[in-house]
Amino acid sequence: MNSGSNNIAVSKTDRLQENKLLRVKKQSVIEDPAQRERRTRHIALLGRILVGFIIIAAWELFTRIGLLDSYYWSNPSTIVQTGWTSLTEGTLLTDLVYTSGATIIGFILGTFIGSLLGLSFWWSDLYSRISEPYISAFNAIPKLALAPVLVIMFGIGFSSKVILAFMMTVIVTALAAKSGVHSVDKDLEKMLFSLGAKRSQVFSKVVIPSAMPWIVSSLKINIALALAGTIVGEFISSRQGIGRMILYAGQIMDTNLVWVGVVVLSALSILMYLGTVWLERFLLKGRPQ
Amino acid sequence: MYKLEVVAGGKVFKKDGQEVVALQETNMQIAKGKFVSIIGPSGCGKSTLFNMIAGLLKPTSGEILLDGQNIIGKSGRVGYMLQKDLLLPWRTILSNIILGLELKGVSKKEAENRAVPLMEKYGLGGFENHYPGELSGGMKQRAALLRTLLYDQDVILLDEPFGALDAQTRLKMQTWLLQIWGDFNKTVLFVTHDIDEAIYLSDEIYVLSPRPGRLKEIVTVNIPRPRGQDTLLMKEFVDLKKKLLGMLKEDQEKIE
Ligand SMILES: Nc1ncnc2c1ncn2[C@@H]1O[C@H](COP(=O)(O)OP(=O)(O)OP(=O)(O)O)[C@@H](O)[C@H]1O
Ligand SMILES: [Mg+2]
């Protein structure tokens, strides 16, 4: 009995050793892709920050030693100073709220109404065919060229900026949603009908989810278009907004302030882009990948 | 009264001004609780027939009666598993399987309570929260089949449900289907290209002929149940198989 239990003990240690060997082998042959990915990401991030830092430093340096004319190019430290002044003493903050507000409202309205419009084409083939040339025609109009008319129509206030941002986004979204509707698998619709579904149920359970990736893919372009629409609206006529600030700064030849506007707009654009990335994730939640 | 009747049901498609007869006027009388297979070469109108019974396609002529009532153009009266698995790729397997119940207005919780034990039982346990893209072809077919079963109609139409399965899984699924058919007292219409499968499962076999699609013959299978592995070796089985093979071969020669 004694020897029996000894045997077991021996075989156990054997197995342990074997396991260890296996593990060592695994480590040497198989790399953990997740770990490598993480490491690459960290290095890339560091690299990006470094490049950004070099660009800003070079900008500052070149304007100081006179290689770049600081009258046109301003320079980072002056931009920060001017920005700080207009933030604390000027209207930078309210301008920022104005511009981002008009952009976001226009974007949301455009995306929402555009999606509804595009999805509505599923309901009737005839209606879809009749509207088709008009949608294309509206898409072809350079909306920004209409901006002066829109400002006359809707006044120089907030609403004309929202309308412009809306006009810039609505058709792009509608076209994306329409492509989504065309991509719906007819057999999936058939399957749903075979389960006794009403048309409205097919719409909500198959058509909307099928078209969703198409709609979502238009978001990133849309937010940039909406911002462009708002700024053009502000350029044409406005009492507030970053666009107006830039225009005004240009008129009084304050290039530093123009640069502040450009930097603020870039930052706003990046922030809103990140917002759409989040929105994309939210809208495609609970899907594979 | 028959559970399901097709009275002179036929379908003609118009394509580029030309008429294509998918199915000539066909009569079917299927008693409650029967297991009926439909065999025939590709293009003889099997799926067309099913689409008409399921109310997805209106016949050009004839009537379709369920419990004596006309169900032409009325969908949702019978369970129908289409030739493809047609799972919604953005839904998990579980929420795909309960789709029919969801459309009927059954609460999500109750539907899941009914679905999960069935998934366990039929080899999909543990895959509730996987997406269709992560499953093998056979598992997807099983999920589609469960969705049809859970929809819970007296009559079930299955269009080549085991087409994508290997021989072993297929056998398991056949046994399972017979079990369900017995347990739930369903009337089953079953399309297959596999003669062995048709004989093994059915009470009656409808043999269709192509070009134009039409009903060629109805063969009754008089092999006692329960049937098992050794059924495939019985004399009745082999005789029937020869007969059916002969019929299909005639059609084949005609085509060539
Ligand atoms: N929507 C349609 N429009 C025109 N012709 C069609 C249509 N659907 C089917 N057909 C034709 O009807 C005939 C029967 O088709 P069906 O799909 O019913 O065949 P099947 O027996 O199911 O074939 P398989 O075994 O390959 O699935 C074929 O010739 C096909 O081309
Ligand atoms: Mg078919």
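Here is the naming used below: chain letters follow the sequence lines, and residue numbers restart at 1 for every chain. Quick note: numbers below take in every heavy atom, side chains included, and nothing from hydrogens, waters or symmetry partners.
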Counting heavy-atom pairs under 4.5 Å with chain A, the top scorer among B:Arg147, B:Lys104, B:Lys74 is B:Arg147
d(A:Met191 CE, B:Asn96 CG) to nearest 0.5 Å is 7.0 Å
*Are any of the side-chain heavy atoms of B:Leu87 and A:Leu188 separated by less than 4.5 Å?*
no
Honestly, the part of A:Leu192 sitting under 4.5 Å from a heavy atom of chain B is both
Here the pair of heavy atoms bringing B:Leu56 nearest to A:Phe193 is CD2-CB, 3.7 Å
Under 6.0 Å from the NZ atom of B:Lys58, do we count more than 12 heavy atoms belonging to anything else shown?
no
If one checks every heavy atom of B:Asn129 against chain A at 4.5 Å, the contacting part turns out to be neither
Margin query: Is there a side-chain contact between B:Tyr151 and A:Ser194 in this structure, where contact means two heavy atoms from C-beta onward sitting under 4.5 Å apart?
Written below: no
- Are the side chains of A:Lys190 and B:Asn51 in touch, meaning some heavy atoms are under 4.5 Å apart? yes
If one checks every heavy atom of B:Arg91 against chain A at 4.5 Å, the contacting part turns out to be side chain
When the 4.5 angstrom heavy-atom criterion is applied to B:Leu86 and chain A, the contacting part is both
Separation between CG (B:Leu99) and CD (A:Gln201), nearest 0.5 Å, reads 9.0 Å
Considering residues, nucleotides and ligands other than A:Tyr273, do more than 12 of their heavy atoms fall under 6.0 Å from its OH?
no
Count the heavy atoms of every other residue, nucleotide or ligand shown that sit under 6.0 Å from CD of A:Glu37, and state whether that count exceeds 12. yes
Q) If you draw a 6.0 Å radius around NZ in A:Lys143, do more than 12 non-hydrogen atoms from other residues or ligands fall strictly inside? A) yes
Quick check on A:Phe138: does its CZ atom have over 12 non-hydrogen neighbours (other residues, nucleotides or ligands) under 6.0 Å away? yes
Whatever's closer than 4.5 Å to a heavy atom in chain B on A:Lys198 counts as neither
Here the gap from A:Arg287 atom CZ to B:Leu88 atom CG, rounded to the nearest 0.5 Å, amounts to 10.0 Å
Quiz item: Should B:Gln83 and A:Asp187 count as side-chain neighbours, where that means a heavy-atom distance under 4.5 Å?
Solution: no
